[in-house]
*Asks:* 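Before I ask anything, here is the structure I am working with.
In what follows, every chain begins at residue 1, and chains take the letters A, B, ... in the order their sequences are listed. Here the structure is a predicted model, which means the values were calculated and not measured.
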Amino acid sequence: MPNILSIITFLPLLGAVLLLFLLNNKSKDSVKGFALIISILTFFVSLGMLYNFNPATHQMQMIEKYDWIPSFGIQYYLGVDGISVLMILLTTFLSVVAVLASWKAIEERVKEYMISLLVLETGMLGVFVSLDFFLFYIFWELMLIPMYLIIGVWGGPRKLYAAVKFFLYTLAGSVLILLGILALYFAGGKTFDILMLSSVRFAYDLQWWVFLAFFIGFAIKVPMFPFHTWLPDAHVEAPTAGSIILAGVLLKMGAYGFLRFSLPMLPEAVFVFMPLILWLSIIAIIYGALVAMIQPDLKKLIAYSSVSHMGFVMLGIFALTQQGVEGGIIQMVNHGIVTGALFLCVGIIYERTHTRLIADYGGIAKVIPKFAIFFSIFSLASIGLPGMNGFIGEFMILLGAFVSKYVLKTMVVLASLGIILGAAYMLWMYQRVAFGEITNEENKHLPDIDLRETLLLVSLAIFVFWIGVYPEPFLNILHATVANLIQQVSGAVMVAGQ
Amino acid sequence: MPQFLDLMPIMPEILLTTLALLLLLADAILKKRGAGAIGGLSIFGLLSTIIGVYYLYDNKMPVIFSGMFSADNFSLFFKFIFLISAILTILISFKYIKVRDINIGEYYILILFATIGMMIMASGTDLISIYVSLELMAMSTYILAGIERQRATSNESAMKYFILGAFSSALLLYGISFVYGITGTTNLEKVAAYLSNTPENNMAVVLSLILLVSAFAFKIAAVPFHMWTPDVYQGAPTPITGFMSAGSKAAGFAVLLRFLFTGMPSLQNEWITIIIVLSILTMTVGNIAAIVQTNIKRMLAFSSIAHAGYLLIAVVTVSDIGLSSILLYLLIYAFMNMGAFGVVSMVQKKTGEGGQIDDYKGLAKVYPFGAFMMLLFLFSLTGIPPTAGFIGKFYIFAAAVKKDLIELAVIGVINSAISAYYYLRVIMYMYMKEPEEDVVLEKSAAMTAALVISAVFVLSFIIYSEPVVNNITKAVSGLIR
């Protein structure tokens with residue numbers, strides 16, 4: 001299929017436009033159905049992309065390249081490599097999940113909600129397929145508007161505060177990224193071509209400054225300690241689907257930015273900033289876990305666990321070894337699925353009880369056993385139990401960090417400590433929610449999960465076990481791309497060292 | 001050469017003036033009945049003028065009146081901006097002035113005269129023609145600001161505008177007299193030639209530079225010459241506020257650029273320092289003051305101050321790309337700002353002064369179309385892609401980075417992030433709060449047309465920006481020497 005990347009990217013936007021003009025809010029079900037069809041269609045087209053993808057090479061594939069604003073060297077330039085393929089699949093899959101997760105939760109202004117969700121999907125996909133910096137930035141910022149509306153309009157009690165905080169934090173980071181992009185544009189021979197800029201060797205001073213700008217922008221998005229404070233607020237206030245997308249895809253944007261831009265374009269600066277980033281990741285792992293432990297609110301607990309997990313991702317990426325980087329990317333996917341699933345679980349019981357406080361639960365495993373099984377699967381996957389996907393990611397990251405010549409052994413030990421802490425807060429939370437006596441009278445007659453919810457949870461659980469037992473198909477997509485990336489970074493530095 | 005051909009470059013202005021005078025006559029005969037027709041005819045006249053201006057593009061002999069007037073591409077592009085702002089202003093005015101019982105022909109005719117003033121300002125290459133046209137624009141807008149005679153704030157607005165405007169005119173004249181005293185001419189090219197032949201800059205030259213820049217800074221509402229803006233913008237009829245912030249500001253920039261680049265290139269080092277200070281102050285004060293406003297017109301007033309600050313960054317770059325970014329930004333600003341003021345002039349409270357940000361609570365439920373339009377314009381003013389406002393900011397910051405003005409660019413982008421806060425607040429009120437009872441919406445077909453035109457521009461500009469940018473680049477080439 002020609003122009004398959006354009007189709008994937010703009011199909012949701014087209015759906016949003018059609019939704020805007022064709023349907024009205026009176027027929028809520030047809031609005032939801034239409035959005036579901038569009039998102040499923042996008043998912044299938046992205047499977048077609050996977051089918052066409054050749055994992056043996058690190059070259060960009062399925063390239064589309066047209067002049068757009070030639071006087072500024074701006075192109076409409078799309079292409080994918082192993083990293084972006086995985087991210088695109090994650091996005092299209094979680095978008096379907098998000099639409100289904102909103103089925104009952106959203107009853108007001110459904111049309112506007114679905115439009116926001118679809119525009120958001122286009123923004124996210126655009127980020128992963130863009131090979132032109134200008135185009136990338138447009139999609140990058142495009143994500144802000146719908147996410148802001150999703151949190152702000154359909155969110156919880158403190159939604160206004162959370163939405164504005166989310167928007168301002170991310171925007172402040174983004175504008176610095178824009179300046180960095182412009183600096184590279186002028187220094188790199190007036191091109192926004194990402195591949196071309198990756199092959200330019202920039203002066204060290206420029207690299208340092210641009211890395212700083214990118215670092216702030218991407219670190220806010222990841223979020224890395226100490227730029228993470230917007231995340232718990234945004235997660236807690238966002239509707240379930242918003243949390244799923246936020247945790248599942250939006251948090252991956254920062255890490256993706258490091259992989260796609262900071263590492264290949266600014267290799268010398270990478271090694272200067274590396275200790276800082278590694279230590280911040282370790283702090284995030286431990287700090288996120290400790291703070292998660294004392295949270296009384298389920299969503300907040302999962303939000304802080306995200307901070308901890310993204311610390312692992314950053315540790316893996318900046319270990320700069322094959323296993324580390326691959327582990328980091330796989331962990332991005334894992335975190336998207338598992339945390340998305342956990343938010344979905346919280347959403348499912350929240351719809352029944354309208355509370356997210358751990359203290360309000362207890363013993364629900366007796367009332368809703370099917371739900372409790374799924375909840376336990378995802379909690380254990382989040383801990384990293386062998387046989388589940390979290391284990392693969394964390395194991396590879398720790399392995400990669402251990403063999404890396406840049407990572408101190410102390411860091412690896414501390415990171416492993418983070419896993420123990422992770423088990424502690426997750427299991428403790430699960431125990432308080434699911435086991436024991438039923439403390440809350442109202443919880444005695446909760447209905448168990450229905451067909452739609454079961455389907456959603458099953459589809460997510462499939463990936464938990466698939467990646468956990470046989471991750472090779474996923475890693476296979478990454479091998480060539482990651483090998484080339486590491487070669488690029490360390491190669492550049494070796495040349496500089498001579 | 002025959003006399004008639006000599007007038008070609010100024011033909012659009014002559015025709016528009018003739019039309020305005022005829023309409024004035026018609027207004028005297030028709031009295032109040034004909035006001036609507038006069039509005040319609042004004043739009044027709046402005047549209048024809050756009051065609052005329054387009055026809056003049058790339059003409060070979062743009063300079064007439066012994067070098068007092070030049071219809072070069074630079075000025076022609078500005079004329080597009082003025083004409084578009086004027087058309088949008090009239091479109092959003094129809095209903096507004098009818099409801100407030102100021103439905104008189106003069107309203108439209110004064111808009112035409114102000115537009116003529118701006119057009120000649122952009123073409124002025126002599127300090128005298130600049131001064132005269134600036135006064136024509138200013139006088140017309142003084143009256144327009146106070147045309148709602150029954151409302152005290154409108155009177156206050158006109159009074160403040162007039163007094164402070166007169167003060168700035170005095171500064172301007174004083175500066176011109178210095179220039180004339182030193183160089184013996186008021187023609188900008190000759191001033192430049194004289195100054196470049198006299199290597200040492202004496203204090204009088206610098207003083208005249210400061211006086212003139214101050215006067216122009218008043219017109220573009222740069223801090224610290226912005227004190228009049230919030231009160232005047234708040235008190236004036238809302239469409240006129242939009243017109244002042246889009247049209248008058250653009251005219252001020254046209255003159256400022258012409259004066260600095262054609263008249264004072266040899267004093268570049270001096271004026272760059274001045275403009276840097278002005279730019280930083282204007283952005284920062286504008287944005288921070290906008291955060292605390294509770295009245296939407298005051299908020300947009302401070303936002304328009306902040307936007308002037310971004311534009312001043314581009315002036316400092318002294319480069320073709322910087323100049324093009326200014327023209328581009330002003331064009332985009334005309335659309336997004338007129339659109340925003342369109343919505344503002346539509347939302348009215350049954351009681352009280354109106355224009356409070358509180359009035360926008362729940363607008364998305366009451367009037368989804370208007371709220372969505374406002375959302376677009378506000379995101380564009382923030383500079384979020386894919387709106388046109390982003391393209392404008394992108395070019396400005398690109399120009400700054402290109403010239404290694406990193407500090408200024410960083411201050412600029414941080415300011416633009418700050419500005420998101422107060423723009424978002426309006427969106428938050430519209431979409432995330434419950435509606436209040438006593439808000440009425442003054443909808444009309446003309447208003448809808450104006451909003452749709454602006455919205456289409458704001459949304460689609462990113463796709464076809466290339467030819468526009470190329471034209472602008474051509475228009476500014478040659479201004480810097």
*Asks:* To the nearest 0.5 angstrom, please state how far the CD atom of Glu141(A) sits from the CZ atom of Phe379(B).
*Replies:*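 It comes to 10.5 Å.
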
*Asks:* Roughly how far apart are Phe273(A) CZ and Leu266(A) CG, rounded to 0.5 Å?
*Replies:*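 Phe273(A) CZ to Leu266(A) CG: 9.5 Å, rounded to 0.5 Å.
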
*Asks:* Hey, is the main chain of Ala450(B) close enough, under 3.5 Å, to the side chain of Ser454(B) for a donor-acceptor pair?
*Replies:*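 Flag set: sc Ser454(B) to bb Ala450(B) pair under 3.5 Å.
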
*Asks:* Can you check whether anything in residues 327-337 of chain B gets within less than 4.5 Å of chain A, heavy-atom wise, and list it by number?
*Replies:*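 Answer by number: none.
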
*Asks:* Supply the atom-to-atom distance Lys190(A) NZ to Met196(A) CE, rounded to the nearest 0.5 angstrom.
*Replies:*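 Between Lys190(A) NZ and Met196(A) CE, I get 14.0 Å after rounding to 0.5 Å.
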
*Asks:* Treating Glu268(A) as the side-chain partner and Gln207(A) as the backbone partner, does any N or O pair qualify as donor plus acceptor under 3.5 Å?
*Replies:*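 Checking the backbone N and O of Gln207(A) against the side chain of Glu268(A), no donor-acceptor pair under 3.5 Å is found.
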
*Asks:* Is it the backbone or the side chain of Ser416(B) that comes under 4.5 Å from a heavy atom of chain A, or both, or neither?
*Replies:*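 Both backbone and side chain.
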
*Asks:* Using a heavy-atom cutoff of under 4.5 Å, enumerate the residues of residues 117-140 of chain A that contact chain B, numbered in order, or state 'none'.
*Replies:*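 The stretch touches chain B at Phe134(A), Tyr137(A), Ile138(A).
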
*Asks:* I need the contact set between residues 153-176 of chain A and chain B: heavy-atom distance under 4.5 Å, sorted by residue number.
*Replies:*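 The stretch touches chain B at Val153(A), Lys159(A), Leu160(A), Val164(A), Phe167(A), Leu168(A), Leu171(A), Ala172(A), Val175(A), Leu176(A).
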
*Asks:* Run the side chain to side chain contact (heavy atoms under 4.5 Å, CB included) test on Arg109(A) and Tyr431(B) for me, step by step, so that the C-alpha distance in whole Å, both residues' side-chain angles and the decisive distance to 0.1 Å come before the verdict.
*Replies:* CA-CA 11 Å; Arg109(A) 294 200 243 180; Tyr431(B) 279 86; 3.9 Å; yes

*Asks:* Would you say Leu424(B) and Ile427(B) make side-chain contact, with heavy atoms under 4.5 Å?
*Replies:*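 Yes, at least one pair of side-chain atoms sits under 4.5 Å.
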
*Asks:* Only distances under 3.5 Å count here; give the side-chain donor-acceptor pairs of residues 383-412 of chain B to other protein atoms, sequence neighbours excluded, each with its distance to 0.1 Å.
*Replies:*
{"from": "Thr387(B)", "atom 1": "OG1", "to": "Ile384(B)", "atom 2": "O", "distance (Å)": "2.4"}
{"from": "Lys393(B)", "atom 1": "NZ", "to": "Leu381(B)", "atom 2": "O", "distance (Å)": "3.2"}
{"from": "Lys393(B)", "atom 1": "NZ", "to": "Thr382(B)", "atom 2": "O", "distance (Å)": "2.9"}

*Asks:* Identify the two heavy atoms, one from Ser71(A) and one from Val469(B), that lie closest to each other, and give their separation to 0.1 Å.
*Replies:*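 Looking at all heavy atoms of both residues, the shortest contact is OG-CG1, 4.4 Å.
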
*Asks:* Hey, what do you get for OG1 (Thr284(B)) to CD1 (Ile418(B)), rounding to the nearest 0.5 Å?
*Replies:*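 Rounded to the nearest 0.5 Å, the OG1-CD1 separation comes out at 7.0 Å.
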
*Asks:* For Leu178(A), is it the side chain, the backbone, both or neither that has a heavy atom under 4.5 Å from a heavy atom of chain B?
*Replies:*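 Side chain of Leu178(A) only, per the 4.5 Å heavy-atom cut-off to chain B.
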
*Asks:* Taking atom CZ of Phe372(B) and atom CZ of Phe377(B), what is their separation to the nearest 0.5 Å?
*Replies:*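 Output value for this atom pair is 10.0 Å.
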
*Asks:* Measure Leu375(B) against the heavy atoms of chain A and call it side chain, backbone, both or neither at under 4.5 Å.
*Replies:*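 Looking at Leu375(B), just its side chain touches chain A.
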
*Asks:* Is a donor on one side and an acceptor on the other found under 3.5 Å between the side chain of Lys111(A) and the backbone of Leu20(A)?
*Replies:*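 Such a contact is found between Lys111(A) side chain and Leu20(A) backbone.
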
*Asks:* Rounded to the nearest 0.5 Å, how far apart are OG of Ser303(B) and CG of Asn287(B)?
*Replies:*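 Output value for this atom pair is 8.0 Å.
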
*Asks:* Verify, without hydrogens or angle tests, whether Tyr360(B) (side chain) and Val347(B) (backbone) share a donor-acceptor contact under 3.5 angstrom.
*Replies:*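 No, the answer is negative, given that no donor and acceptor are paired below the 3.5 Å cut-off.
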
